[in-house]
Structures are given as C-alpha cells and as structure tokens.
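One structure is given below, encoded as structure tokens.
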Amino acid sequence: MNFPIEGVREKFPALSLTDKGRRRIYLDNPAGTQVPQAVADAVSRCLLTTNANLGGFFETTIAAQQIVDDAHAAMADFLGSASPQEIIIGANMTTLTYHMSRTLGRTMKPGDELILTRMDHEGNVSPWLQLAEDLGLVVHWLSFDKQSWQIEEAALATLLTDRTRLVALNYASNLTGSINRVKALTRVAKQTGALVYVDAVQFAPHGLIDVRDIGCDFLICSAYKFFGPHMGILWGRLDVIDRLKPYKCRCSSNALPFELGTPQIELMAGLTAAVDYFAELGAAAGDGGSRRARIAKAFERSIIYENPLAQRLIDGLSAISGLTIHGITDPARVGERVPTVSFTVDGIVPETIVRQMNAENIFLWSGHNYAWEVVHQLGIPAEQGVVRIGIAHYNTAAEIDQTLESVRRVVAMLRQERF
C-alpha cells in the first residue's frame with residue numbers, strides 16, 4: 001500500500017500556509033516538527049474544559065488527572081514500556097536529563113567513571129560533564145567511527161572498567177543522521193554493570209522504539225520532534241528508578257513517576273493526541289490491533305516513504321561540486337540513518353546559504369545545532385557549523401526537488417557562477 005501523503009498533509013494545517021503567496025517548505029524538522037490539527041484541538045480542549053490542578057474532588061480536577069494518566073499510558077505504548085509508572089514527563093529533554101543526572105549522582109562517588117560520546121547532542125553531554133565536575137567523577141570519551149559514522153561496540157568495550165557507572169549513548173545523531181546499534185552497545189555496557197542512558201530525540205520521529213528490547217535503563221525523547229507539543233519524556237526502567245531518591249519537595253508524593261510541580265496538563269493532552277496520530281496512521285494501513293501494534297505499522301509505512309526521499313536528497317546534493325555531506329551516503333545503508341542530512345560547501349559559510357534559502361521560504365538551519373562534539377571531531381568550525389536539512393513524513397518528493405534546485409542556485413550565486 002502506498003503511503004497516503006496527501007491524507008497525511010491534510011492533517012497538518014501549517015503545511016497549507018503561505019507567505020505573500022509563497023508556499024512553505026518545512027525542512028527544519030530536526031529542531032521541531034509541525035503538529036496535526038488533533039494535537040492543537042486536544043491542547044485547546046483541555047484549557048477550555050478541564051483546566052484545573054490535580055488532587056481535588058471536583059469535575060475538572062478529576063478530568064485533568066485522567067489527561068495526565070492517559071499521557072503516561074500513551075507514551076508507555078509509544079516506547080514499548082512495561083508500565084506507565086516508568087514514564088516521566090517534563091519540560092524538555094535537557095531539563096529532564098539535568099534532573100536525572102543529579103538524582104543518579106546521589107549513587108556515585110569520586111573516582112567513579114562515566115562514558116560520553118562525541119556523537120551526542122549537548123543535552124546528553126553537559127549534564128554529565130558538570131556532574132563529574134561536582135562529584136570528582138572520571139569522564140571517558142567515546143568517538144564515532146568516521147568510516148561507518150557510528151559508535152562501534154569494540155571502541156566502547158575498550159573504555160569500560162569495573163568503575164564505569166553510566167554510559168550515555170546517542171540513538172541517532174541530530175547532525176549526521178547516523179543511527180547507532182544501541183541494543184548491541186547496551187549489551188556491551190551491561191557486561192560491567194553500567195547504567196545506560198539513551199538519547200532517542202532524533203530517532204523517535206523516524207522509527208519504532210522498544211525500550212525493553214534495547215535493554216537500556218533510561219531513554220529520553222522530545223514530543224515536539226514527533227508532531228507533538230513542546231515537552232520531554234524520560235523512560236526509566238522500573239526496578240532502577242524505584243530505588244532512586246529524587247530531588248523534590250519534602251511534602252511531595254514518593255509515588256512513581258516522580259515529576260516536579262504542577263504538570264503541563266494541556267500539553268499532556270496534546271502528547272496523547274500525537275501518539276494517537278501515529279496509531280491512526282497505522283490503522284489506516286489496515287492494522288486493527290493494539291495501539292502499540294498500530295504505532296509499529298505507522299513507522300513501518302513511514303520508513304518506506306522517508307528513506308527514498310532521504311536518498312533523493314543525498315544523491316542531488318552529492319552531485320554539487322565542492323559540497324560535502326557529513327554522514328552516510330551509500331544507498332545500501334540508507335536504513336542506518338534518519339533523514340537528516342548535513343553538509344558544507346567549500347569556501348561558503350553555511351549561514352549564508354541558509355539565509356538565502358530561508359528567503360525563498362525553505363525552512364532549514366545552519367550552525368552546530370548543539371552537536372558540539374560532532375563538529376569538533378569532524379574539524380568543522382563550531383561558529384559556522386553545517387547546513388542541515390531534515391525530512392519528516394509529511395514532506396514530498398516535489399519539495400525535495402525544489403530544495404535541491406535552490407541549493408544549486410544559491411551555491412552558484414555565491415560562487416558567482418551561472419546556474
């Protein structure tokens with residue numbers, strides 16, 4: 001069955017917006033996707049009909065609690081969690097990681113070791129670096145392989161010792177797009193008993209996550225990267241988080257999940273709607289099973305649709321003289337990357353290209369995009385970074401072709417060549 005691209009696009013009001021008659025092409029998706037109408041409706045409905053704090057006995061507070069419970073159940077289905085108690089919802093990935101790093105720090109002592117990768121977003125680096133500074137921990141750096149563009153299991157194994165307490169891993173890079181073999185990497189880390197913390201922010205919009213199959217202890221993602229509202233979600237394995245002593249108010253409940261303060265209840269309503277969007281997409285493909293099964297079918301369909309778009313973009317960019325793609329380009333390995341493609345052009349500052357393309361209403365980013373260690377390992381000036389184009393499953397082949405035409409035209413202009 002073909003991917004129902006027109007039906008998908010109809011669900012996203014932002015895709016039909018124009019500026020002075022000019023269409024918008026959203027390729028800024030690694031920084032945040034657009035949302036279906038159902039997500040906006042759910043947020044609005046919550047604010048207008050169930051706007052109350054939790055813990056009371058009147059109608060709106062009871063309804064608000066149900067929204068919170070539904071959001072945890074939805075994310076348990078989305079991530080393959082054994083229980084909604086394992087789901088912690090908060091402001092964003094970085095804030096949640098800072099909070100969890102401090103909580104885990106209570107179990108560590110000077111001389112304990114952390115392993116961080118040079119492939120991660122800074123949100124899964126700085127919290128651990130600063131924890132190490134505070135507690136006198138030892139940090140070991142794990143580089144990615146410049147040939148495979150992935151973290152290799154053998155490289156991880158050389159860094160592990162009996163003092164390793166945590167390995168922070170990256171599921172998919174927000175700059176190179178490479179997907180790591182997190183299950184295999186987790187298996188290696190577990191041989192020394194280390195905890196494994198996985199940043200799945202960039203993978204979550206593009207593939208099915210199964211936390212129990214991976215075998216990690218923590219996994220984090222961001223709803224606004226998979227068509228939902230601005231919030232982060234942290235999964236923690238129940239037998240691990242149940243033993244932790246979180247930072248919280250003295251009078252706050254000790255029950256799981258531990259979440260600080262009044263929750264973003266209206267955004268949780270939107271979160272459930274975002275998960276249900278995937279389930280509806282799977283149902284349209286003929287899967288009438290559980291919500292988890294329908295989500296799996298949705299990803300199966302979207303991957304088949306997204307990968308050719310990514311390769312179309314890669315092939316077109318590869319034909320431009322002086323342009324370097326920083327990531328996997330081999331068509332045989334397109335399944336080992338998400339459809340995020342970053343590049344540089346000899347002699348041209350990335351921002352200069354992006355400003356010109358933004359002026360044509362093609363939305364994309366330049367810079368290091370918080371992939372601070374990635375640009376340094378690649379020798380890319382951090383103050384310049386890369387041009388980053390990120391595809392979502394609501395983009396079309398026509399948009400990719402228009403984007404490639406724009407890149408060629410802009411590069412030729414900046415080189416003062418004839419297009």
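Quick caveat, the model's predicted, so the values are computed rather than measured.
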Please name all residues satisfying side chain to side chain donor-acceptor pair (under 3.5 Å) with Arg22, sequence neighbours left out, ordered by chain then number. none
Those residues at least two apart in sequence (or on a different chain) that pass side chain to side chain donor-acceptor pair (under 3.5 Å) with Thr158 are none
Is the number of heavy atoms from other residues, nucleotides or ligands under 6.0 Å of Glu351 CD greater than 12? no
Please step through side chain to side chain donor-acceptor pair (under 3.5 Å) for the pair Tyr197 and Thr97, ending with a clear verdict. CA-CA 9 Å; Tyr197 192 100; Thr97 301; 2.8 Å; yes
Validation row: His72, Glu259 side chains within 4.5 angstrom (heavy atoms): yes
side-chain contact (heavy atoms from CB on, under 4.5 Å) partner of Val125, the single match among Thr117, Leu116, Asn170: Leu116
Does any N or O in the side chain of Asn369 come within less than 3.5 Å of the main-chain N or O of Gly367, such that one atom is a donor and the other an acceptor? yes
So, Ser126 and Glu122: side-chain donor and acceptor under 3.5 Å apart, yes or no? yes
Applying side-chain contact (heavy atoms from CB on, under 4.5 Å), can you list everything that pairs with Ile380, at least two apart in sequence or on another chain? His326, Val375, Leu378, Val386
In chain order, what residues pass the side-chain contact (heavy atoms from CB on, under 4.5 Å) check against Tyr224, with sequence neighbours excluded? Ser222, His230
Checking Tyr305 now: which residues fulfil side chain to side chain donor-acceptor pair (under 3.5 Å) with it, not counting sequence neighbours? none
Taking salt bridge (charged side-chain N to carboxylate O under 4.0 Å, His left out) as the definition, give me every residue that meets it alongside Asp162, ordered by chain and number, with sequence neighbours left out. none
Looking at Ser81 and Glu86, would you say the former's side chain and the latter's main chain have a donor-acceptor pair under 3.5 Å? no
Shortest non-hydrogen separation from Ala273 to Ala42 and the atoms involved: CB-CB, 3.9 Å
Counterpart residues, salt bridge (charged side-chain N to carboxylate O under 4.0 Å, His left out), relative to Glu152 (two or more places apart): Arg181
Surrounding CZ of Phe343 (heavy atoms of other residues, nucleotides or ligands, distance under 6.0 Å), is the total greater than 12? yes
Residues which pass side chain to side chain donor-acceptor pair (under 3.5 Å) with His121, listed by chain and number, not counting sequence neighbours: none
Among residues at least two apart in sequence or on other chains, which ones pass side-chain contact (heavy atoms from CB on, under 4.5 Å) with Ser406? Met357, Glu360, Ile362, Arg409, Val410
Can you list everything that forms a salt bridge (charged side-chain N to carboxylate O under 4.0 Å, His left out) with Arg163? Sequence neighbours excluded, please. Asp112
For Gln130, I'd like to know if atom CD has over 12 heavy atoms of other residues, nucleotides or ligands within 6.0 Å. yes
Glu280: salt bridge (charged side-chain N to carboxylate O under 4.0 Å, His left out) partners, not counting sequence neighbours: none
Flag, side chain of Arg388 to backbone of Ser342, donor-acceptor distance under 3.5 Å: no
Do other residues, nucleotides or ligands put more than 12 heavy atoms under 6.0 Å from the CH2 atom of Trp149? yes
I'd like to know whether CD of Gln147 has more than 12 heavy-atom contacts from other residues, nucleotides or ligands below 6.0 angstrom. no
Is the ring centre of Phe12 less than 6.0 Å from the ring centre of Phe227? yes
Got a sec, which residues hit side-chain contact (heavy atoms from CB on, under 4.5 Å) with Thr103, two or more places apart in sequence or on another chain? His99, Met100, Leu244, Pro246, Tyr247
